[in-house]
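One-based numbering, in listed order, for ligands and for the atoms of each. Excluded from the calculations below are hydrogen atoms, water molecules and symmetry mates; all remaining heavy atoms, backbone and side chain alike, are included.
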Amino acid sequence: MACWLLRLVVVLTIITVGEGKQNAPQVCHPNDLKGLTSFKDGIHVDTSGRLAKWIGHSCCSWEGITCNQMTGRVTEIRLPGFISTNDFLFQSQMTGLLSPSLTLVSCLEVMDLGGLTGLAGRIPPLIGLCLPNLRKLYLYGNKLSGPVPDSIGKLSKLEELHLHENRLSGSLPSNLGNLKNLNQLLVYSNELTGMIPDSFKNLTNMKQMDLHSNILTGHIPDRIGEMQILEKLDLSKNLLRGKVPLSLANLNAISEMYLDTNHLEGEIPFPSSFGQLSSLCFLRLNDNHLTGRIPTNFGNMVSLQRVSLANNKIEGVIPSSLGNLSALTELYLSGNLLSGQIPKSVGELSQLIMFNASHNRIQGPLPQELSSLQNLQTLDLSFNQFNLISFPQCLAELPSLSRIYLAGCGIQGEILDFLQAAPSTIQELDLSANHLTGSLPAWLGSLTQLYKLNLSRNSLVSRIPDSVTNLQQLGLLDLHSNKLTGPINNVFQIGNAFSEGSLTYIDLSDNYFSAGIAQAGVGAQTGVQYLNLSHNFLKGRVATTIGRLKSLQTLDLSCNKLGFNLPEAFANVSSLEKLKLQKNQFTGRIPVGFLKLRKLKELDLSDNLLAGEIPEGKPLSNFPQSSYSGNKDLCGKPLIPCKVEV
Ligand SMILES: *[C@@H]1O[C@H](CO)[C@@H](O)[C@H](O)[C@H]1NC(C)=O
Ligand SMILES: *[C@@H]1O[C@H](CO)[C@@H](O)[C@H](O)[C@H]1NC(C)=O
Ligand SMILES: *[C@@H]1O[C@H](CO)[C@@H](O)[C@H](O)[C@H]1NC(C)=O
Ligand SMILES: *[C@@H]1O[C@H](CO)[C@@H](O)[C@H](O)[C@H]1NC(C)=O
Ligand SMILES: *[C@@H]1O[C@H](CO)[C@@H](O)[C@H](O)[C@H]1NC(C)=O
Ligand SMILES: *[C@@H]1O[C@H](CO)[C@@H](O)[C@H](O)[C@H]1NC(C)=O
């Protein structure tokens, strides 16, 4: 009522004062003023400084406020946290409580308080009764808690509801299904529980529905398929059960469908006829309990660009119709029960960049046609039943291939030289758990882009070639469980001696290495976080340079022939969480510096020749007796007290 009365007054004002924001009404409607002032009073920090400029009574000229020129009433509040102008980008923050008095601004059409990060409190329960003109409500990216008010279902003009990334709880009100004009419903990353209301089938103007990362349960309502213009549906990361409804195949306009990380079961129900889901570009069904086969006409969904069916229980062969997906760039089929061979038609996927079919039961041989995948960058076929015997020649011809995962593929013989000649600059190479024999070739050092090298669990018999020191980019080196010999000092010299190296993970355990431990910490590799040299024949002492490995979290030197005193410098490896030194020949006392290893959670010093008192205090006294057992003469907590000298 007040709204209408005022409209008359304001029309007159505008006639005399003129148009535009510069000439906004001198005094704004008392309810608007009260609502906005209450909002401002609820905020105690505003890093953008916008609210500080809200002074006086002409609220229509305040920053972020828009009024209707005819009525003089406030129609828009736009104070998003992320401010972007031609000159700068700025993430601002408002901390405080969202005032329920904002509902006094009763002619509001747009409320944008999104991404302010610090707005707490509840969504005003009466919002749907007091703001009947609301078209866009953005409160995402804050700390709002409590329920999504029932009254929102009365906002018959609402088009966009963005409440994602808050702490909202309770269930989705069923009367949201009344919002005929709603086309964006984004409530993901909250703590919403309960079912997706059946009434949602009435949201026929819905274009984007995003409910992921809540605690929603129950079934996906069967008639969601009536949302004919739905473009994006994201229900991932909930606890949804039951089958994938067949009706989803009727979503003519859908381009993104994410149903991953739920408990969905049964078969993939679409497409059931040609032309269905022909706009679908991105499909995620991964991490569910889906069974059955991939539908033979899967290749009819011709717009597909990214598909993940990974980590289900899907069986049978990969259908050859997949070759029709000419726009496909990423295909994830890993962690299923797929069998048969890779179809030749895969060679037609000329846009394919990523193909992951690891952990299935697929058999060899690989089709020659793979050599047509000119854009393929990552290939993971690990742990299938390929029995490849030799490294597949067709891969050597792929110009873009930079990440090769062929672990557990039954590859025999020596590491072939053509890998060196391959046109691609290899970044990741995993040939672990095969039957490789022979030596680590010196040309490995020429793979200068190499970031990850995993040749573990083979039968390699050489030394580590000195050329590895050229691998400036190497981050992960895993050579465990081979028959490698000689010293390991060159590993610590990999990369650039003038900066902290890039290696973070070194596993050389379970080999026949005999020397080179003294160089740990001498070379460039001081950023190492994981170092496992256990089960070798390493001799000599651990040098004080070990103290330079400041990032080390796990150190395993167990089951070697290391001796002499443990260096006091261990105290400087302050990030250490796991220290395994058991089954060596260390002598002398446990350094007092060990008491500085505050992050230590696992310690094993058993079966050495240590003696004397265990330094008293945490963390050393927290470990079980077994951490110290089998030594020469250790005493003190947690072992028996030391004898007092008389
Ligand atoms: C959907 O809308 C129809 C007609 O407007 C109504 O009769 C029906 O009750 C609504 N369904 C649900 C589940 O709300
Ligand atoms: C799709 O693939 C199948 C099997 O490879 C083929 O027979 C069919 O002609 C293809 N359809 C289209 C429309 O390309
Ligand atoms: C392939 O998928 C598996 C399981 O989903 C995953 O663990 C692995 O890291 C993926 N491979 C690559 C190269 O990304
Ligand atoms: C190397 O491969 C083995 C066996 O396939 C695996 O267990 C290990 O985690 C891999 N290492 C790294 C660093 O990824
Ligand atoms: C180090 O390697 C050995 C042998 O490969 C393995 O058994 C052990 O678990 C590894 N240690 C740590 C701490 O990961
Ligand atoms: C530990 O580090 C400090 C400073 O980083 C250094 O002065 C000291 O010599 C180191 N101690 C040992 C025992 O290496």
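Per-residue contacts place Asn356 under 4.0 angstrom from the following atoms of ligand 3 (heavy atoms of the residue considered): 1 (C), 2 (O), 3 (C), 8 (C), 10 (C), 11 (N), 12 (C). Atoms of ligand 5 lying under 4.0 Å from at least one heavy atom of Tyr530, given by number and element, are 10 (C), 11 (N), 12 (C), 14 (O). Close approach to Ser534 involves these atoms of ligand 5, each under 4.0 Å from a residue heavy atom: 1 (C), 2 (O), 3 (C), 4 (C). Against a heavy-atom cut-off of under 4.0 Å, Ser509 is close to the following atoms of ligand 5: 2 (O), 3 (C), 4 (C), 5 (O). In summary, the atoms of ligand 5 found under 4.0 Å from a heavy atom of Thr554, numbered by their order in the structure, are 13 (C). Of all atoms in ligand 3, numbered sequentially from 1 with element shown, those under 4.0 Å from a heavy atom of Ser358 are 1 (C), 2 (O), 3 (C). Heavy-atom proximity to Asn311, at under 4.0 Å, picks out these atoms of ligand 3: 5 (O).
Residue Ser334 places at least one N or O, backbone or side chain, under 3.5 Å from an N or O of ligand 3. For ligand 3, the polar-atom distance check against Asp380 finds a nitrogen or oxygen pair separated by under 3.5 Å. Some N or O of Asn454 is nearer than 3.5 Å to an N or O of ligand 4, by distance alone.
Regarding atom 9 (O) of ligand 4, its nearest protein heavy-atom neighbour is Asp478 OD2, 4.6 Å. Closest to atom 4 (C) of ligand 4, if we only count protein heavy atoms, is Ser432 OG, 3.4 Å. For atom 2 (O) of ligand 5, the nearest non-hydrogen atom of the protein is Asn532 ND2, 2.4 Å.
Per-atom contact check: atom 14 (O) of ligand 5 touches the protein, criterion being a heavy-atom distance below 4.0 Å. Taking a distance limit of 4.0 Å, we find that atom 7 (O) of ligand 5 is approached by no protein heavy atom. Using a 4.0 Å threshold on non-hydrogen atoms, atom 11 (N) of ligand 4 counts as touching the protein.
In terms of modelled atom types and a separation under 3.5 Å, the side chain of Asn532 and the main chain of Ser534 share a donor-acceptor contact.
The distance from the CG atom of Asp607 to the OH atom of Tyr628 is 14.5 Å, given to the nearest 0.5 Å.
In this structure the side chain of Leu440 reaches within 4.5 angstrom of the side chain of Leu455, judged on heavy atoms. Residues Ile517 and Pro487 form no side-chain contact, since every pair of their non-hydrogen atoms from C-beta on lies 4.5 Å or further apart.
By the criterion of a heavy-atom distance under 4.0 Å, the side chain of Phe383, and not its backbone, is placed next to ligand 4.
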